Number of protein chains: 4
Amino acid sequence: MTASETRLRADAQRNRDQIVAAARQVFAEAGPDVPMEEIARAAGVGVGTLYRRFPDREALIRAVARESFAQVLADAREAAAEEPTAFDALVRVVGRSHQLQASVQLALVSERAKEILKGDPETAASRDALMAELDAIVKAAQAEGSIRADVGTGDVAILFSLVLRQPPAVDDPALLAFERAAAVMLDGLRSSSGSPLPGRPITGEDLRIS
Amino acid sequence: MTASETRLRADAQRNRDQIVAAARQVFAEAGPDVPMEEIARAAGVGVGTLYRRFPDREALIRAVARESFAQVLADAREAAAEEPTAFDALVRVVGRSHQLQASVQLALVSERAKEILKGDPETAASRDALMAELDAIVKAAQAEGSIRADVGTGDVAILFSLVLRQPPAVDDPALLAFERAAAVMLDGLRSSSGSPLPGRPITGEDLRIS
Amino acid sequence: MTASETRLRADAQRNRDQIVAAARQVFAEAGPDVPMEEIARAAGVGVGTLYRRFPDREALIRAVARESFAQVLADAREAAAEEPTAFDALVRVVGRSHQLQASVQLALVSERAKEILKGDPETAASRDALMAELDAIVKAAQAEGSIRADVGTGDVAILFSLVLRQPPAVDDPALLAFERAAAVMLDGLRSSSGSPLPGRPITGEDLRIS
Amino acid sequence: MTASETRLRADAQRNRDQIVAAARQVFAEAGPDVPMEEIARAAGVGVGTLYRRFPDREALIRAVARESFAQVLADAREAAAEEPTAFDALVRVVGRSHQLQASVQLALVSERAKEILKGDPETAASRDALMAELDAIVKAAQAEGSIRADVGTGDVAILFSLVLRQPPAVDDPALLAFERAAAVMLDGLRSSSGSPLPGRPITGEDLRIS
DNA sequence: AATGAATGAGTATTCATTCAT
DNA sequence: GATGAATGAATACTCATTCAT
């Protein structure tokens, strides 16, 4: 019985994963309003199964967002741990996350998705953890003098989110253009830059407002 | 007769303008899929009136996009003519266009809107004219040495589009954050910046592909 | 003043006639549910003018039907007066009315039109007059021995209505096919025919039921 | 699995059949423009179900027409096989088809329906098969000398269509009138008839034009 | 549990009719 | 009077969600 239950769970888990993966992809391609049936089809299951796992669209959006944030967080931690300098870590996070944009995009682009995620504690937790990690990297970069002192973690997060929003696929010729844009932005973050920024540094905390 | 005809037209024109203005606003707030009725309500007319002017949603989207591009174009021209340096013109375009983001956003954010606009020659013409103007400004800025030589007009357009995409309202506290982001990007464009960019400069022509 | 009033009336009358003529044509082509605006366009007037003359679609349908019946009636009378035999008159009525099919069709084809006309006394009067004329012709034909005795005026009316319903235009190659069909039916009406018909002769009165 | 699949299909099929039957009836009563909801109600299903089976109104019209033609064809084949003479077969086809008028009517009466069916290969096939069957019967009747030699299958088809167009219900007192009309037409087709017909015989092929 | 059929509420669009010009 | 713009009710069609199999 335990065995069968376990096997069942494995099945169910696989199903769930397929659905989330399919949803991530389909959301990225067609926005958070795609017909549920399309997602189900992409996942290779019936709508009924989808609804068994996720009571409604919002739950599915939450699941996708949670997973996306978790992946980016893991990536950031890995980068911080493995790269020689904090600046290299920042570069790697932007670069890698390019491959994750589709994931994060959801949380950034759609007004509706934002509304939905606003109330989700688990997403909030991922987000906070991610922001904390980013904060550490940014501060380290400033300590090592590789990025200007007048930016806060929030500033960096916003800059990153701008680039991550755009979804050229990995094989899209437009990808290069966005890598260049990211590079220009990173150059803008370098300490050497001259013009003073308006207002005061935006912190991670500041972003919680929006 | 002419008088009455003219007066009638004036009325109709006012109505039409209200509709486009309302649509621009509502699209910005709720995306290109908002109920037509909501747009009509915002414009203070009945749905029937909206449909008399614009045979379907696509026509309305096109109208909003045309007008938006035209406004940004006018702005860019003005900036180029009035600002002392090309770099100042760039700064002004980004700054001003912030007030137009809602307009441009439509053309940038939604996959659906993109598809619709792809086939519209008038939008294409506005876009080309805008790109030409931007090209002139960028080249002048490079000639005056205020921005790095290894970026093309397409690079600048992409960077601008990244910032313009985000739609914090003028009274939104988040606005400052985006102005800072824009400033960082402009700093990244300054000649003084160090790291070489990957690939080759993206031209305005390159963007026509996408 | 009288002059101006008269001129006005003439104008209005012309307008009215144009509208009825256009409606007849458009009804024939597209059924009694065509958009009122299409009729107005065909008549070369604005919808407002159309509605000034005819308070609603039903009134317009009635007007078209009245005129159509009146024309067929006039035609039948002329045929009866001018043709040498009653049978020739029948032939002529069917033939001529071919040109009028569009007119009569309205009253025959659409369930909705039937309903509307059912309550119109003027249409009823035209119809009765037409039936009386046909009755005279049929009886004369039977008296002269040119059509079988076991048919009533109602039978003939139904047969005629069957052929008149079909609307091939005068320049339609299908017109010949329908003239042949009419000829076969007339042959069927000739006395020489053999098989006894079921039931009893249908009179003009019988048709008032439907 | 097969069992459950089959049972499910059976349910769906029953539903589909109910929808087509209801549509046939409702189309006959109120024309091809009746609200889809009315059809759904008549079929005892929700609109959604109707649209699941038939993507739009045209698909439903096609389905009704296909089935109607198929039924008339089956009837004609049966008549040809069972009746002692070809003429009897003709009589039976007209008589039986009276019960099917509602079916055929759709394809004959509405301009819109015609347009829709014009492009449907399956309807065209049914129509061709029906015409072939009728052709055989007509030629046999001419061979046995029971109908005049100067008519083609197309002539007969048109005559039949004239009678079949009219839709008195089986319990309608007007039914007798139409049976009489059909009888007169059949008499007109008998060889004994006298007057020469205009033009040349209309064949089945000729009708394909329209 | 999985499936996909059924439901009906939500939205786009059309068109009869009214009314300001 | 004539015009055509405005209105909103009617109807087609879609899709989230539920439920029988």
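These values consider heavy atoms only, across backbone and side chains, with no hydrogens, waters or symmetry-generated copies. Letters go in sequence order (proteins before strands), and every chain restarts at 1. Model, not experiment: these values are computed from the prediction.
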Looking only at side-chain N and O atoms, does B/T49 come under 4.0 Å of OP1 or OP2 in F/dA5? no
Rounded to whole Å, how long is the line connecting atom CD1 of D/I39 with atom C1' of F/dA12? 11 Å
Going by side chain to side chain donor-acceptor pair (under 3.5 Å), name the pairs with one or both residues in residues 52-61 of chain B, residues two or more places apart or in two chains. none
Sequence neighbours excluded, which residues qualify as side-chain contact (heavy atoms from CB on, under 4.5 Å) partners of C/A70? none
Between F/dT17, E/dC15, F/dA12, which one does the side chain of D/R57 approach most closely? F/dA12
Partner residues of B/D17 under the side-chain contact (heavy atoms from CB on, under 4.5 Å) criterion, sequence neighbours left out: B/Q13
Whole Å only: how far is the CD atom of B/E37 from the C1' atom of E/dT14? 14 Å
5' precedence on DNA chain E between B/G48 and A/V47 (nearest-nucleotide basis): A/V47
Whole angstrom value for the distance that separates C1' of F/dG4 from CZ of C/R52: 14 Å
B/M36 CE to F/dG8 P: how many Å, rounded? 17 Å
Assert: residue with more 5' nearest nucleotide on DNA chain F, out of D/D56 and A/D56, is D/D56
Return the value, rounded to whole Å, for the distance between atom CG of D/L60 and atom P of F/dC13. 10 Å
Side chain to side chain donor-acceptor pair (under 3.5 Å) against D/T49, all qualifying residues, sequence neighbours excluded: none
For residues 34-46 of chain A, please give each side-chain donor-acceptor pair under 3.5 Å, one per line with the distance, not counting sequence neighbours.
none

Using a cut-off of strictly less than 4.0 Å, decide whether A/N15 has a side-chain nitrogen or oxygen near OP1 or OP2 of E/dA2. yes
Rounded to the nearest 0.5 Å, how far apart are OG1 of B/T123 and NZ of B/K114? 14.5 Å
Please check if any side-chain donor atom of C/Q71 sits under 3.5 Å from a side-chain acceptor atom of C/R24, or the reverse. yes
Given F/dT3, E/dG4, E/dT11, the nucleotide with the shortest approach to the side chain of C/V45: F/dT3
Ignoring backbone atoms, test whether B/Y51 places a side-chain nitrogen or oxygen under 4.0 Å from the OP1 or OP2 oxygen of E/dT14. no
CG of C/L50 versus C1' of E/dT18: gap in Å, rounded? 14 Å
Whole angstrom value for the distance that separates P of F/dT14 from CZ of D/F54: 15 Å
Whole-Å distance separating the CG atom of A/D33 from the C1' atom of F/dT14: 13 Å
If you write DNA chain F from 5' to 3' in dot-bracket form, with Watson-Crick or G-U pairs under 3.5 Å, [ ] for crossing pairs and | for pairs with another strand, what do you get? .||||||||||||||||||||
For D/R53, answer base if it contacts any base atom (sugar-phosphate contacts may also be present), sugar-phosphate if it contacts only those atoms, and nothing otherwise; contact means non-hydrogen atoms under 4.0 Å. sugar-phosphate
